[in-house]
Protein chains: 2
Amino acid sequence: MPLSEGVLAELERIVGAENLASDDATRYVYGADASIHHHPPDAVVRPGSTAEVSEVLRLCERELVPVTTRGAGTGLSGNAVPVRGGIVLEMMRMNRILSVRVEDLYCELEPGVVFSALNRALEPHGYWFPPAPGSGDVCTVGGMIANSASGIRTVKYGATRDLVLGLEVVLADGTVLEVGNRGLKNASGYQLEKLFVGSEGTLGVITRARLRILPRPRSSGSLIASFRSLEAAGAAISQIYRNRLMPSALEIMDRNCIQAVKRKFGTPLPDAEALIIVEMDGDRRVVEDDLRAAGEISRAAGASDVDFATDPARTARIWESRKQVLPSMASSGERGPVSLADDLGMPVSRVPEVLRTFAEIARRNGVVIGAYGHAGEGNIHCKVLIDTKSKRDWEGARRATDEIYGEVLRAGGTVSAEHGIGYSRGRLFRAERGASIGVMRRIKAALDPKGILNPGKLFDAPDDMLSDNRYITGECD
Amino acid sequence: MPLSEGVLAELERIVGAENLASDDATRYVYGADASIHHHPPDAVVRPGSTAEVSEVLRLCERELVPVTTRGAGTGLSGNAVPVRGGIVLEMMRMNRILSVRVEDLYCELEPGVVFSALNRALEPHGYWFPPAPGSGDVCTVGGMIANSASGIRTVKYGATRDLVLGLEVVLADGTVLEVGNRGLKNASGYQLEKLFVGSEGTLGVITRARLRILPRPRSSGSLIASFRSLEAAGAAISQIYRNRLMPSALEIMDRNCIQAVKRKFGTPLPDAEALIIVEMDGDRRVVEDDLRAAGEISRAAGASDVDFATDPARTARIWESRKQVLPSMASSGERGPVSLADDLGMPVSRVPEVLRTFAEIARRNGVVIGAYGHAGEGNIHCKVLIDTKSKRDWEGARRATDEIYGEVLRAGGTVSAEHGIGYSRGRLFRAERGASIGVMRRIKAALDPKGILNPGKLFDAPDDMLSDNRYITGECD
């Protein structure tokens, strides 16, 4: 049901004509995020202040207009696709960094600030906001909070959720809430600031955030090691932790990723089943000691090639292959990558046995699976490579995805560590969360009784998300 | 209303006669925690398993029996005092450490495990669970989670809330929930594991926890510096952060604390207005560099006495005065300490100006105020010293408390950083949280519709908590 003239006129009064669009082209663009899903909104609204957000929500609740909040649209699970129509509330105009308070160890900002812009603002102070999602040059901090985003440095520095100290949030009925506080601790009632983290726009709209900031490390260095087996790589990772080393990043690439990178870029990588990259940061002397120790551990676990560096140029070369994974997969001959089983979470030590099952799953379903990601946090990303024009291949990808997530859940894992549930993972999410789903629904009903905020997502996402959507290939990091 | 014979018989069937008590002596003891409040339960129930907890809750919900969950009873805000009667659910029998998984960076345990026992179990692995509450030798991990506890190392290593990866929780109706996961990240729906942190037993009963563990630092050292003014101490703390130093602890003591320690123990402390203790940990070389830098910063900020040490004996001496604060206040001549304004949270940089107001507040109300605590996190503890047998002194303490919290809220602070709201802080909590209170109530109603879990606490705590309770003096750290 399209919006009435009356509602459009009210929206225009609230945000101004220049911040409201309902033409077909704009509606088409805002129907997509970085996932495979698409559904156009009836209008796109770009608020400039908390007061405007509040007024828009009050109107939408009264008129029962669905509201899908959106940052930069980099979500990989359809989180910001307005599957029930209504309005997309695009937060990019609210992009001011309000304060950088090093002496209080926090900064305050509006939700539309881009992750890398925040870090550019923190850099002159010698501070940073460490979680580094793959889309960090584009994605907004508001989206990171709503999506419970993280990245390659979470193992040492925590995820977004751990660094949110306080939020200003607008509820469905327009109420403006302050949650959390200005210190580093909070024992003053329910930790609502954490409840909104990962709620994917279903509980409220974030209009301001207070984030913990940390001193930038004084130096860093990285190690690369390749292994004949996944299990040997896993043994090295276990030994790194048993030896009380705490990397700032610990990444893995499987054989298919290594081969794709070699084929596409000619990067001189060994013919290994697994490759790990370990970053250490801090005082230079300690970084060097720790890299040396990690190198010895890797060799003892059977690594054939081990190299490490602390100077920027050589460190960048070590990371080159990791950065080449996505582009090399995106043009892997006949096949293109689909982000179906894109975000697996599991206990760190279970990574080798889960990845071990992928070759057989791929063979059985006629697809290719490439796995890589944050092994040190038990967070693996997957690309299923198929001929995206072949219905049979899509069916194979769908079966492979089910089998991959079956292995993940058997290993005590989760169907999303950092990409969110959105529209993509309804059935898997319900299978994983069991009785918790009922509790989440009760909380949703308590905070948004009319169900206007991002309807059709999370617990309400469909069992078969491929059934009513066009296919687009996405990518993740 | 006492429990019926039928309910007592059912409870006995569930947990066994040896784990149920309703005699007057036991009821009296379990009527108190470490706060000034007291109200006896009708019975004390000591479950031994999740299944028993579930059965007890099902029974209590059916019969509308209030359930107040309790660990070691070290809470300072009446969190575990059963102010509406019913049963105290004492979790100390469920005290097994189920696994220590260094290779997965987590451990799993039952809620009755004592904080220091957990750390003794982690020590052979070279790991620890860092938050160190003052009651760490006694308090349980379940209580720490329920209370959103933290301690002196939170500035560097996070609070309990940041380290909870997953929980098993029993809801009021007996449903057993698994929340959170086994990796270090979670983007799979609402972060319910964080919602139960700090819920003080009002949303469910924690029966199992999965906690992030961290490598023990390789060494540590400490610095002590005294300042002629609070502002100079504050300037030193600001400069420490501006210089990108990250202490593992950063404590402060005000003049009254310094004087009390000198009087009681004869500890040779300078005649200063403020004293800070800074702990650095990590690689020994870096610890020494950082302590030296912190010493220079302190001197530049006007510190008169600066000393630091990395050997255990001298480090212990530096910490001696901090550890003497509580005992020296407990026997401060005619006056005893009361824990009314015991737990102030505020932006780190606002600590000096807030503490500056205390002398005038004390004079105006005829009391003595001693302030100390975790200045590096903006978390200050306060003792109001009064003649506890004098009604006039109690009135003065009450007014002083109101004025202290008034200053805290004006500085953008919180009425509880780590001790919780419990029964003590209802009015202040409502004043601080405003519209959020309504949201918390809605969540409470959604999860515990019959209101059997720890009734009369948090948003339902009374405006004047001194009106219907006997006075007992408590202590905090």
Side-chain angles (χ1 to χ4, degrees), chain A residues 102-105 126 147-148 150 154-155 159 161-162 175 177 179 181-192 194-195 197-199 215 238 241-242 244 246 283 285-286 345-349 377-379 412 414-421 429 432-433 435-436 439-440 442-443 446 458, chain B residues 102-105 126 147-148 150 154-155 159 161-162 175 177 179 181-192 194-195 197-199 215 238 241-242 244 246 283 285-286 345-349 377-379 412 414-421 429 432-433 435-436 439-440 442-443 446 458:
Chain A
V102 165
E103 62 281 14
D104 292 319
L105 300 176
N147 196 49
S148 191
S150 45
T154 294
V155 62
R161 63 172 174 170
D162 303 312
T175 307
L177 285 189
V179 295
N181 62 26
R182 286 172 179 75
L184 305 184
K185 303 167 169 179
N186 181 4
S188 174
Y190 303 161
Q191 319 253 313
L192 298 180
K194 305 292 185 187
L195 181 63
V197 176
S199 66
S238 290
Y241 289 150
R242 289 206 193 95
R244 298 161 65 185
M246 187 43 63
D283 179 88
R285 295 162 294 183
V286 184
M346 63 197 86
V348 179
S349 66
E377 296 149 2
N379 180 198
T414 184
V415 302
S416 181
E418 57 177 22
H419 292 175
I421 300 301
F429 174 53
E432 176 193 345
R433 291 294 173 188
S436 294
V439 175
M440 294 185 202
R442 277 188 260 169
I443 290 171
L458 290 175
Chain B
V102 164
E103 63 279 15
D104 292 318
L105 300 176
N147 196 49
S148 192
S150 47
T154 294
V155 61
R161 64 172 175 171
D162 303 312
T175 306
L177 285 190
V179 296
N181 62 26
R182 285 171 181 75
L184 306 184
K185 302 167 169 180
N186 181 4
S188 173
Y190 303 162
Q191 319 251 316
L192 298 179
K194 305 292 187 188
L195 181 63
V197 177
S199 65
S238 290
Y241 290 149
R242 289 208 191 94
R244 298 160 67 186
M246 187 43 63
D283 179 88
R285 294 162 293 184
V286 183
M346 63 197 86
V348 178
S349 66
E377 296 149 3
N379 179 198
T414 183
V415 301
S416 182
E418 57 177 21
H419 292 175
I421 299 302
F429 174 52
E432 176 192 345
R433 290 297 172 186
S436 294
V439 175
M440 294 187 202
R442 278 189 258 168
I443 290 171
L458 291 174

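Atom set for the values below is all heavy atoms of this structure, side chains included, hydrogens, waters and symmetry mates excluded. In what follows, chains carry the letters A, B, and so on, assigned in the order in which the sequence lines appear, proteins first and then strands, with residues in each chain numbered from 1.
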Note to self: Working note: Gln191(A) + Ser148(B), criterion side chain to side chain donor-acceptor pair (under 3.5 Å); need CA distance, chi angles, decisive distance, verdict.
What the structure shows: CA-CA 9 Å; Gln191(A) 319 253 313; Ser148(B) 192; 3.2 Å; yes
Note to self: Given 3.5 Å as the limit, does a donor-acceptor pair link the side chain of Arg244(B) with the main chain of Pro215(A), or not?
What the structure shows: no
Note to self: Looking only at heavy atoms and a cut-off of under 4.5 Å, which of Leu195(B), Val179(B), Leu192(B), Asp283(B) has the most pairs with chain A?
What the structure shows: Leu192(B)
Next item on the list: Examine whether an atom of Ser349(B) lies under 4.5 Å from a heavy atom of chain A, and if so say whether it belongs to the side chain, the backbone or both; otherwise answer neither.
Entry: both
Check: Can you say whether Met346(B) sits under 4.5 Å from chain A via the side chain, the backbone, both, or neither, judging by heavy atoms?
Finding: backbone
Item checked: Contacts of type side chain to side chain donor-acceptor pair (under 3.5 Å), residue Thr154(A), not counting sequence neighbours -> none
Next item on the list: Between chain A and each of Lys185(B), Met440(B), Glu103(B), count heavy-atom pairs under 4.5 Å; write down the option with the most.
Entry: Lys185(B)
Notebook entry, point to check: Side chain, backbone, both or neither: which part of Ile421(A) has a heavy atom under 4.5 Å from chain B?
Noted result: both
Margin query: If we count only N and O atoms by modelled type, under 3.5 Å, do the side chains of Ser188(A) and Glu432(B) hold a donor and an acceptor together?
Written below: yes
Checklist line | Sole residue of Thr414(B), Leu458(B), Val439(B) in side-chain contact (heavy atoms from CB on, under 4.5 Å) with Arg433(B) | finding: Thr414(B)
Note to self: Assess the residue pair Asp104(A) and Val102(A) against the criterion (side-chain contact (heavy atoms from CB on, under 4.5 Å)); give the C-alpha distance rounded to whole Å, side-chain angles, the decisive distance to 0.1 Å, and a yes or no.
What the structure shows: CA-CA 5 Å; Asp104(A) 292 319; Val102(A) 165; over 6 Å; no
Notebook entry, point to check: Side chain of Asn186(B), backbone of Ala417(A): donor and acceptor closer than 3.5 Å?
Noted result: no
Next item on the list: Look at Gly189(B), Gly420(B), Gly378(B) and state which one has the largest set of heavy-atom pairs under 4.5 Å with chain A.
Entry: Gly189(B)
Notebook entry, point to check: Where on Ser199(A) is there a heavy atom nearer than 4.5 Å to chain B: the side chain, the backbone, both, or neither?
Noted result: both
Notebook entry, point to check: At a heavy-atom separation under 4.5 Å, does Ser436(A) approach chain B through its side chain, its backbone, both, or neither?
Noted result: both
Next item on the list: Find the one option among Pro347(B), Ser150(B), Gly126(B) whose heavy-atom pairs under 4.5 Å with chain A are most numerous.
Entry: Pro347(B)
Checklist line | Heavy-atom contact with chain B under 4.5 Å, split by part of Asn147(A) | finding: backbone
Margin query: Given heavy-atom pairs under 4.5 angstrom as the criterion, report whether the side chain, backbone, both or neither of Phe429(B) touches chain A.
Written below: side chain
Check: Going through the distances and angles, do Val348(B) and Tyr241(B) end up as a side-chain contact (heavy atoms from CB on, under 4.5 Å)?
Finding: CA-CA 10 Å; Val348(B) 178; Tyr241(B) 290 149; 4.0 Å; yes
